[in-house]
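Working notes for the structure below.
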There are 2 protein chains.
Amino acid sequence: MDIRTLCLGILTMGDATGYEIKKTFEDRLDLIFHASYGSIYPALNKLTEEGLVSCREFSQEKRPDKKIYSITANGRYQFFDAIMKKPAADRFRSEFLATLMFSHLLPASAISEFIDDRIKDRLQKIASMADECGSKQTVREQFLCNFGLTMYQAEIDYLQDNRHLLEADALMGTRAAE
Amino acid sequence: MDIRTLCLGILTMGDATGYEIKKTFEDRLDLIFHASYGSIYPALNKLTEEGLVSCREFSQEKRPDKKIYSITANGRYQFFDAIMKKPAADRFRSEFLATLMFSHLLPASAISEFIDDRIKDRLQKIASMADECGSKQTVREQFLCNFGLTMYQAEIDYLQDNRHLLEADALMGTRAAE
DNA sequence: CGAATATATATCAAATCGATATAAATACAA
DNA sequence: TTGTATTTATATCGATTTGATATATATTCG
């Protein structure tokens, strides 16, 4: 599943412009799947060429044309085909964890700061999600929202319970032994 | 932090060939940061040009030259500089979760199958990690390994406790209301 | 003895990111 | 009211990264 496919998916929920699709990625998919303009606009062009979406242009005075995309019957069929396939493995990249991998090279203060920041970030995300979660329209969006909340909370718990291991390691002479 | 930087990091642990660096990514960083040959070899060339690593070539008979890379003093300095910066946000992409986002378009059987597969996958990863975790050399590698275990377990727990919500939604006529 | 796996290099098209450019409408505070 | 920031809306571009593929030999194991 690539960004092209996910654009199709978003269009199954209703017509949209490229801009609105980007916003949907940010508002409802950012935890799950990230996409930038540089991939969305080319994706929409290609989907249009392939007849999986259609595009109505509204020429506006003194503004660039507004292009509203709709999914076609063929597009729906292709999207269904795509989501029926076994999902490929997650792609995950964490600079935070990669940094901790080399925490023996860092001053203890930096380690503590990074962990503090991480916990703060997760708490903030939980705070802003908690409201939304309840007011989600569909069962599946609630399911995904609560999934996010649960994972963030698990991360906070782990960091709070175990950070002392890394911090102690940084302060003691353990490093010299390596 | 990019793959170039992380290659530097791996070389702080000892000299290595491109092949060995790839293996290190697989063995010790796959949870955290993925890298393929297509990014590692160009990274090493660029690092060599920049003088952050040095390269000794061992011409072997009947085999391509073996190139052993070492980090230079300047390289160590640059790497330290990189990990002292605030780590950027995680990059995460999950086809599994993206698929669930559109579970209302799937037959109930497919939803159950995907969740079953996911749980199996997580259990398998936990099984293969559990051994390793105890035998990790350093405190920080144990910390990261247990972090992974904890997150995988949290995911399993959530899926087991809440899958019925999605599955019931798929079976009932709830979909018609959307 | 033969098959599979490990060692080791490298490249390439395609996908994607992140930044930037452009331009006007709208909201909002000084 | 006037200036500033944000939102709406398009699009491109270099740099990064993926995933697949090519090439060759050594080693392991049934």
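Here is the naming used below: chain letters follow the sequence lines, and residue numbers restart at 1 for every chain. Not measured: the values here are computed from a predicted model.
Rounded to an integer number of Å, the gap from B/Ile3 CD1 to D/dT17 C1' is 6 Å. Look at OH on A/Tyr37: it is 13 Å from C1' on C/dT20, rounded to the nearest Å. D/dG19 atom C1' lies 14 Å from atom CG of B/Asp30, rounded to whole Å. In this entry the distance linking CZ of A/Arg91 with C1' of D/dT16 reads 12 Å, nearest Å. With rounding to whole Å, A/Ile68 atom CD1 is found 11 Å from D/dA9 atom C1'. Counting to the nearest Å, the P atom of C/dT11 and the CD1 atom of B/Ile40 are 14 Å from each other. Taking atom CG of residue A/Asn45 and atom C1' of nucleotide D/dC13, one finds them 15 Å apart after rounding to whole Å. Nucleotide D/dT18 holds its P atom 11 Å from the CG atom of B/Leu6, rounded to whole Å.
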(request) Starting from the C-alpha separation in whole Å, work towards a yes-or-no answer on ring-ring contact (aromatic ring centres under 6.0 Å, His included) for A/Tyr158 and B/Phe143. (result) CA-CA 10 Å; A/Tyr158 182 83; B/Phe143 178 92; 5.3 Å; yes
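Comparing B/Lys46 and A/Gly38, the nucleotide of DNA chain D nearest to each residue sits closer to the 5' end for A/Gly38. Position along DNA chain C of the nearest nucleotide to B/Arg93 versus B/Ser39 favours B/Ser39 as the more 5'-ward residue.
B/Ile71 has its side chain out of reach of B/Ile10: every pair of non-hydrogen atoms, C-beta onward, lies at least 4.5 Å apart.
With hydrogens and angles disregarded, no donor-acceptor distance shorter than 3.5 Å links the side chain of B/Thr5 to the backbone of B/Met1. Of the possible donor and acceptor atoms, one in the side chain of B/Ser135 sits under 3.5 Å from a partner among the backbone N and O of B/Glu132. Judged by distance alone, the side chain of B/Thr72 and the main-chain N or O of B/Gly51 form a donor-acceptor pair under 3.5 Å.
Taking the centre and axis of the six-membered ring of A/Phe114, the NZ or CZ atom of B/Lys86 falls outside the cone set by 45° and 6.0 Å.
Residues B/Phe102 and A/Phe80 place their aromatic rings such that the two centres sit no closer than 6.0 Å.
Residues from residues 14-29 of chain A lying near DNA chain D, meaning a heavy-atom separation below 4.0 Å, are A/Thr17, A/Gly18, A/Tyr19, A/Glu20, A/Lys23 in numerical order.
Residue B/Tyr41 has a polar side-chain atom (N or O) positioned under 4.0 Å from OP1 or OP2 of C/dT9.
The side chain of A/His34 has C/dG18 as its nearest neighbour among C/dA19, C/dG18, D/dT18.
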